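Remember, predicted model here, so these are calculated numbers, not experimental data. As a basis for the values below, the full set of heavy atoms in this structure was taken, side chains included, without hydrogen atoms, waters or symmetry mates.
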Amino acid sequence: MTRLINSTPAADGYWMPAEYEPHAGTWMLWPERRDNWRLGAQPAQRAFAAVATAIAGFEPVSVGAIANQYESARALLPEAVRVVEISSNDAWMRDVGPTCVVNAAGDVRGIDWPFNAWGGLNGGLYFPWDQDDLVARKVLEIEACDRYRAPLILEGGSIHVDGEGTVLVTEQCLLNPNRNPHLSREDIETQLRAYLGVSTVIWLGEGVINDETDGHIDNLACFARPGEVCLTWTDNRRDPQWRVSQDALERLLAARDARGRRLKVHKLPQPRALTLSAAEAAGVQSRDGVKARQAGERLAASYANFYIANGGVVMPLLDQRSDSAAMAVLQRVFADRQVVGVPGREILLGGGNIHCITQQIPAVLRRRKPRL
């Protein structure tokens, strides 16, 4: 029986573990929106299936599909992947799924963040989002995890923790008035501490250029292990991303984490500026209330949008001219894991990438509580 808990994770001795800690499995959703995914979502479905298959080589994978997509999902996914019927408005499990927290005894609970499609009626990407807002609760019921309903709108892609008391966020996203206009920076930090069990919040400025999530951290930077961060990088000073990444680098190098450590930053090269082609834009069925795709617009392409699985790293392949260089960096950083590349352009066309479409469920095991 799944309970709604009316306190906070930190008050109950829970905290969010890092993505690189052991998982019980991964959750995804199945894409089907013709007004976001081109050609009836069929290319995106094949891309999602490839991601699920890659992750299933490391840990169990569950995919939620709406009723009329169950059979197509089941046909494209390997038998090892569980498919369950779950209603949703789109397929961004990182942002609509639960953020799980653990305690020292090994218990797992989930945070159910209110969701408003990245901005609600003030810049959000679609309406309605009512079914997305129920996904976290449904996943937690299937996983038999008790649930906290948080008091602030937040997406899972806007936070990244080290599991030892530190969280990375961006000002562009968390301070955006289209999320929680009634909360100050200090109010948001208080809520992050209460719900993630962290003591230190490291604020970066903007996210990746033209990221329609208003600058999610998971497209820009992430923890590879305690004290070490991967950062999207370009040496091209004429690229607007250089200013953003340089600012992030300066902030990271000036910061201390919850243990008082200075951070080691691994520069992860970005692909060249990728744009949406006319043919790709024409394949999307435009509709009122949904952000239109425009030919020529810059895509928020980033190799930082990878997923850490048990014993593996699944990264997007975005451009043959830069894929191998990015993979080499990740293989050096994650020397104890197998780095697997999966074509990511079709996912990128929908507005995100591999990290955005996945959400981990922590393994049940005894842990040492972070010293806060």
Q: For the pair Asn89 (side chain) and Gln131 (backbone), establish whether a donor and an acceptor sit closer than 3.5 Å, ignoring hydrogens and angles.
A: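 Checking the backbone N and O of Gln131 against the side chain of Asn89, a donor-acceptor pair under 3.5 Å is found.
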
Q: Honestly curious: do Val135 and Trp118 fall in one hydrophobic cluster under the side-chain, below-4.5 Å linking rule?
A: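 The answer is yes; both residues are in one hydrophobic cluster.
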
Q: For the pair Tyr307 and His23, name the ring-plane relationship: parallel under 30°, tilted 30 to 60°, perpendicular over 60°.
A: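 Geometry flag for His23 against Tyr307: tilted rings.
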
Q: Answer yes when Asp133 and Arg149 have at least one side-chain N-carboxylate O distance shorter than 4.0 Å, and no when they do not.
A: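 Here Asp133 pairs with Arg149 in a salt bridge, since their nearest N and O are under 4.0 Å apart.
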
Q: Answer yes if the ring centres of Trp129 and Phe127 are under 6.0 angstrom apart, and no otherwise.
A: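 Yes: the rings meet the under 6.0 Å criterion.
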
Q: Side chains of Ile357 and Leu29: closer than 4.5 Å at any heavy-atom pair?
A: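 Ile357 does not reach Leu29 side chain to side chain.
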
Q: Just checking Glu141: does its CD atom have more than 12 heavy atoms from other residues, nucleotides or ligands closer to it than 6.0 angstrom?
A: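 Yes, the 6.0 Å shell around CD holds more than 12 heavy atoms from other groups.
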
Q: Hey, does the side chain of Trp30 reach the backbone of Tyr70 with a donor-acceptor pair shorter than 3.5 angstrom?
A: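 No, because the side chain of Trp30 does not come within donor-acceptor range (under 3.5 Å) of the backbone of Tyr70.
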
Q: Is there side-chain contact between Ser302 and Asn353, with heavy atoms separated by less than 4.5 Å?
A: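 A side-chain contact under 4.5 Å is absent here.
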
Q: Can you list the steps and then say if Arg293 with Glu212 is a salt bridge (Lys or Arg N to Asp or Glu O under 4.0 Å)?
A: CA-CA 11 Å; Arg293 301 289 179 200; Glu212 61 190 22; 2.8 Å; yes

Q: Checking the side chain of Thr358 only, and the main-chain atoms of Ile354 only, is there a donor and an acceptor separated by less than 3.5 Å?
A: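 Checking the backbone N and O of Ile354 against the side chain of Thr358, a donor-acceptor pair under 3.5 Å is found.
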
Q: Go through it in stages, so that I can follow the logic: the residues are Thr26 and Gln359, the test is side-chain hydrogen bond (donor to acceptor under 3.5 Å, both in side chains), and I'd like the CA-CA distance, side-chain angles, deciding distance and then a yes or no.
A: CA-CA 6 Å; Thr26 300; Gln359 182 60 270; over 6 Å; no

Q: Exactly one of Asp162, Asp257, Leu168 should register a side-chain contact (heavy atoms from CB on, under 4.5 Å) with Val229. Which one does?
A: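 Testing each of Asp162, Asp257, Leu168 against Val229, the sole residue satisfying side-chain contact (heavy atoms from CB on, under 4.5 Å) is Leu168.
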
Q: Does the side chain of Thr190 pick up a donor-acceptor pair with the side chain of Asp187 at under 3.5 Å?
A: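 No donor-acceptor contact under 3.5 Å links the two side chains.
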
Q: Specify the closest pair of heavy atoms between Ala136 and Pro98, including all atoms of both residues, with the distance to one decimal.
A: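 Closest approach of Ala136 to Pro98, heavy atoms only: CB-N, 3.6 Å.
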
Q: Cation over ring, Arg251 on Trp203, under 6.0 Å and within 45°?
A: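 No, a cation-pi geometry is absent between Arg251 and Trp203.
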
Q: Val63 versus Phe48: any side-chain heavy-atom pair under 4.5 Å?
A: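 With C-beta onward as the side chain, the pair stays apart.
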
Q: May I ask you to say whether Arg298 pairs ionically with Asp211, meaning some side-chain N is under 4.0 Å from a carboxylate O?
A: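 Asp211 and Arg298: not salt-bridged.
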
Q: Hey, is the main chain of Gly207 close enough, under 3.5 Å, to the side chain of Gln172 for a donor-acceptor pair?
A: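 Answer holds: yes.
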
Q: Using modelled atom types only, decide if a donor and an acceptor are shared between the side chain of Gln331 and the backbone of Phe334 within a distance under 3.5 Å.
A: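 It does hold such a pair.
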
Q: Kindly determine whether Gln69 and Glu85 satisfy side-chain hydrogen bond (donor to acceptor under 3.5 Å, both in side chains), including the steps that lead there.
A: CA-CA 9 Å; Gln69 289 292 321; Glu85 185 179 318; over 6 Å; no

Q: Going by heavy atoms in the side chains, are Ile5 and Asp12 under 4.5 Å from each other?
A: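 With C-beta onward as the side chain, the pair touches.
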
Q: Any side-chain heavy atom of Pro43 sitting closer than 4.5 Å to one from Arg345?
A: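 Contact flag for Pro43/Arg345 side chains = no.
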
Q: Any chance you could lay out the ring pair (Phe, Tyr, Trp, His ring centres under 6.0 Å) test for His160 and His216, step after step, and finish with the verdict?
A: CA-CA 10 Å; His160 212 284; His216 271 188; over 10 Å; no

Q: Could you go through Asp247 and Arg243, starting from their C-alpha distance and side-chain angles, then the distance that decides it, and tell me whether this counts as salt bridge (Lys or Arg N to Asp or Glu O under 4.0 Å)?
A: CA-CA 6 Å; Asp247 177 67; Arg243 174 188 57 81; over 6 Å; no

Q: Does atom CG of Asn68 have more than 12 heavy-atom neighbours from other groups under 6.0 Å away?
A: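 It does: Asn68 CG has more than 12 such atoms within range.
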
Q: Is there a donor-acceptor pair under 3.5 Å between the side chain of Asn305 and the backbone N or O of His355?
A: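 Judged by distance alone, yes, a pair lies under 3.5 Å.
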
Q: Is the shortest side-chain heavy-atom distance between Met93 and Gln360 below 4.5 Å?
A: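 A side-chain contact under 4.5 Å is absent here.
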
Q: Compare all side-chain heavy atoms of Arg262 with those of Arg256 and state whether any distance is below 4.5 angstrom.
A: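 With C-beta onward as the side chain, the pair touches.
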
Q: Taking the six-membered ring for Trp, are the ring centroids of Trp92 and Trp37 within less than 6.0 Å of each other?
A: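 They qualify: ring centres under 6.0 Å apart.
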
Q: Would you kindly say whether Tyr126 and Asp132 are connected by a side-chain donor-acceptor distance under 3.5 Å?
A: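 Yes.
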
Q: For the pair Glu143 and Arg82, find out whether any cationic side-chain nitrogen is under 4.0 Å from an anionic carboxylate oxygen.
A: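 Here Glu143 pairs with Arg82 in a salt bridge, since their nearest N and O are under 4.0 Å apart.
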
Q: Kindly determine whether Trp233 and Leu249 satisfy side chain to side chain contact (heavy atoms under 4.5 Å, CB included), including the steps that lead there.
A: CA-CA 9 Å; Trp233 187 258; Leu249 177 64; 3.8 Å; yes

Q: Side chains of Glu228 and His266, heavy atoms from C-beta outward: is any pair under 4.5 Å?
A: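 Yes, close enough: below the 4.5 Å cut-off.
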
Q: Donor-acceptor check, side chain of Gln285 to backbone of Asp35, threshold 3.5 angstrom: yes or no?
A: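 Flag not set: sc Gln285 to bb Asp35 has no pair under 3.5 Å.
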
Q: Show the numbers, then the answer: is there a salt bridge (Lys or Arg N to Asp or Glu O under 4.0 Å) between Glu164 and Arg225?
A: CA-CA 10 Å; Glu164 295 189 353; Arg225 59 182 54 86; over 6 Å; no

Q: Start with the C-alpha distance between Arg38 and Glu346, add both sets of side-chain angles, then the distance that settles salt bridge (Lys or Arg N to Asp or Glu O under 4.0 Å), and finish with yes or no.
A: CA-CA 9 Å; Arg38 72 189 188 103; Glu346 291 297 336; 2.7 Å; yes

Q: Assess whether atom CZ of Arg137 is packed by more than 12 heavy atoms of other residues, nucleotides or ligands within 6.0 Å.
A: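 For Arg137, atom CZ is not crowded (no more than 12 foreign heavy atoms under 6.0 Å).
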
Q: Quickly, which of Asp323, Asn219, Thr232 forms a side chain to side chain donor-acceptor pair (under 3.5 Å) with Tyr303? Name it, please.
A: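 Filter result, single survivor: Asp323.
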
Q: Taking all heavy atoms of Pro31 and all of Ala41, pick out the closest pair and write down the distance.
A: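 So the minimum-distance heavy-atom pair works out to O-CB, 4.0 Å.
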
